[in-house]
Protein chains: 2
Amino acid sequence: MSDDGWDTAVAVLRLAAQLIDGIQEGVQRRGFDDVRPAHGFAFVRISTGDATTADVAVHLGITKQAAAQLVGHLVDRGYVERRPDPRDRRARLLVLTDRGWACTAAAKEAATETVGLWKKRLSQSMYRHLATTLDALAEPGRLRPVW
Amino acid sequence: MSDDGWDTAVAVLRLAAQLIDGIQEGVQRRGFDDVRPAHGFAFVRISTGDATTADVAVHLGITKQAAAQLVGHLVDRGYVERRPDPRDRRARLLVLTDRGWACTAAAKEAATETVGLWKKRLSQSMYRHLATTLDALAEPGRLRPVW
DNA sequence: GGCGCCAGACAGTCAGCTTGTCTATATGGA
DNA sequence: TCCATATAGACAAGCTGACTGTCTGGCGCC
């Protein structure tokens, strides 16, 4: 394997795919069959309690129109509620319902499960090394669909 | 919060996004502005010289109709040619044109560049550790759009 | 008050993928 | 040899999720 980085690149993409598949499968297995991966990452932003639709758009790196559609989906299915923003009557604050919190928890559990599979296949020190290195490389910012 | 794996999961997704963005940007910078990331991974399969449209579909994890559309795109733009398969008159073998090979090379260069940014930010031993670990975790198989 | 800016809604469009169906060819068994 | 079944690929129609453009209502600064 020539170390030109191509193999590493492919490996990263494969891991990302494993992860998304694992989370999606785990979330569905826990009874939430009407959510897509992107919804989980919207929940992450919404769970802070101070998010508007425009904030979700920035978080996911999509237009606010697309975010509005996505949030509408979540509202329709009972994961999210829109509340008036006491400080800005144009805005609607987004808050998770109980179902929304449950789904968020399910997503995190599923992620833990999938990453757990990696842990099991690595020595403890290798895993810690990996986690540290990934953390160092990952830049904060939008978390968006990969391609 | 650490070590429930969530942070690691997020980091993997962020890296994958960095990678796709980097490759896409680099490929466009090299003059190929009519290809999408998925096309690059189709090239990988086609470059073996024995691929049919159905093979590309399996490789990308999409339906063969979607693959046919994608391949049609590549044929229209001069990246790929369809040839009769001497052993099966139903099938059409896909081969890369010169332009197709050039684009494949551009994608690999762009990937190398992006991974090179990671290398620069890590010690040599940390990078090698990372590459080895990722390689151990990545399972062979389809390489498909991430979500 | 008047001006521009921002949140969100509504309408229209488009790309990419899906399912369903069809023809032509291949393959294996009675 | 003939027929049943499977496969490669083409064509058609429809869906989803993204996009741009436009509009209203509320904010905030001068």
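Here is the naming used below: chain letters follow the sequence lines, and residue numbers restart at 1 for every chain.
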What is the distance, to the nearest angstrom, from the [atom1] atom on [X] to the [atom2] atom on [N]?
X      : N       : atom1 : atom2 : value
L74(A) : dG17(D) : CG    : P     : 11 Å
D85(A) : dA7(C)  : CG    : C1'   : 10 Å
L93(B) : dT7(D)  : CG    : C1'   : 15 Å
R92(A) : dC6(C)  : CZ    : C1'   : 16 Å
Q65(B) : dA12(D) : CD    : P     : 14 Å
F41(A) : dG17(D) : CZ    : C1'   : 18 Å
L70(A) : dC19(D) : CG    : P     : 11 Å
H73(B) : dG9(D)  : NE2   : P     : 19 Å

Inset, instruction - Map R82(A) and Q69(A) onto DNA chain C by nearest heavy atom, then report which one ends up closer to the 5' terminus. - result: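 It is R82(A), whose closest nucleotide lies nearer the 5' terminus.
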Inset, instruction - Output yes when D85(B) and R92(B) qualify as a salt bridge under the 4.0 Å nitrogen-oxygen rule, no when they do not. - result: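 A salt bridge is absent here (no side-chain N lies under 4.0 Å from a carboxylate O).
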Inset, instruction - Using a strict 4.0 Å threshold on nitrogen-to-oxygen distance, state whether R29(A) and E113(A) make a salt bridge. - result: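 Judged by the 4.0 Å cut-off on N to carboxylate O distance, R29(A) and E113(A) do form a salt bridge.
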Inset, instruction - Among dA8(D), dA10(D), dC19(D), find the nucleotide with the atom closest to the side chain of A54(B). - result: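 Minimum distance to the A54(B) side chain belongs to dA8(D).
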Legend entry - Nearest to side-chain heavy atoms of R36(B), which nucleotide of dG8(C), dG16(C), dT18(C):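 Nearest nucleotide to the side chain: dG16(C).
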[X] vs [Y] side-chain heavy atoms within contact, under 4.5 Å:
X       : Y       : value
L96(A)  : E81(A)  : no
L74(A)  : L94(A)  : no
V115(B) : W6(A)   : no
T133(B) : H129(B) : yes

Inset, instruction - Please work out if T63(B) contacts a base, only the sugar-phosphate, or nothing of the nucleic acid, heavy-atom cut-off 4.0 Å. - result: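 T63(B): base contact, heavy atoms under 4.0 Å.
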Inset, instruction - Assign A66(A) to base, sugar-phosphate, or nothing according to its heavy-atom contacts below 4.0 angstrom with the strands shown. - result: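 Counting heavy atoms under 4.0 Å across all strands, the contact made by A66(A) is with sugar-phosphate only.
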Sub-3.5 Å pairs of nitrogen or oxygen atoms, protein against nucleotides 27-30 of chain D:
{"residue": "dC27(D)", "atom": "OP1", "partner": "R89(A)", "partner atom": "N", "Å": "3.0"}

Legend entry - Summary of ring-ring contact (aromatic ring centres under 6.0 Å, His included) pairs that have at least one residue in residues 101-126 of chain B, sequence neighbours excluded: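 Sorted pair list comes back empty.
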